[in-house]
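All ligand and atom numbering here is 1-based and tracks the order in the structure. Computed from heavy atoms alone, side chains included, the values below leave out hydrogens, waters and symmetry copies. Nothing fancy with the numbering, it's 1 onward along the sequence.
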Amino acid sequence: MSGMDDRRTGLEEEYFHRKNQEAIEKLRAKMKVAEEAKAAGLSSMQCPRCDGSLKETKIEEVAIDSCDKCGGVWLDSGELEQLTKKDSGGWFRKLWNAE
Ligand SMILES: [Zn+2]
């Protein structure tokens, strides 16, 4: 009987892993655009919340922007919503719900 539970847990983990991979790929694509914009001299690196500047931070090989003053982490809202969904699981949930 417990074999069923193990199998289900394995499938869930695989699902979450795939979801994370999708999110990571999207984030990578987005950061590539941001890097290109930076290289082109288009400064969008000021924090929208305060006058701090956004710095690239790497989490699990993914670069995100975080503010050096207020500690805000910036993504576009659709992405944030997707990544913070309950079923996204994994490292991103840990990031947002840091205990
Ligand atoms: Zn800030």
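- The two residues R49 and C70 make their nearest non-hydrogen contact at NH1-SG, 3.6 Å.
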Next item on the list: With side chain to side chain contact (heavy atoms under 4.5 Å, CB included) as the test, would you mind laying out the steps for L54 and Q46 before giving the verdict?
Entry: CA-CA 6 Å; L54 301 184; Q46 188 175 334; over 6 Å; no
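- The count of protein N, O or S atoms under 2.8 Å from the Zn ion (ligand 1) stands at 4, with waters excluded from the count.
- Under a 3.5 Å cut-off, the side chain of D68 and the backbone N or O of S53 do form a donor-acceptor pair.
- Annotation for S66 and V73: closest pair CB-CG2, 4.0 Å, computed over non-hydrogen atoms.
- Under a 4.0 Å N-O distance rule, the pair D65/K55 does not qualify as a salt bridge.
- R18 and E22 are not joined by a salt bridge, as no carboxylate oxygen comes within less than 4.0 angstrom of a charged side-chain nitrogen.
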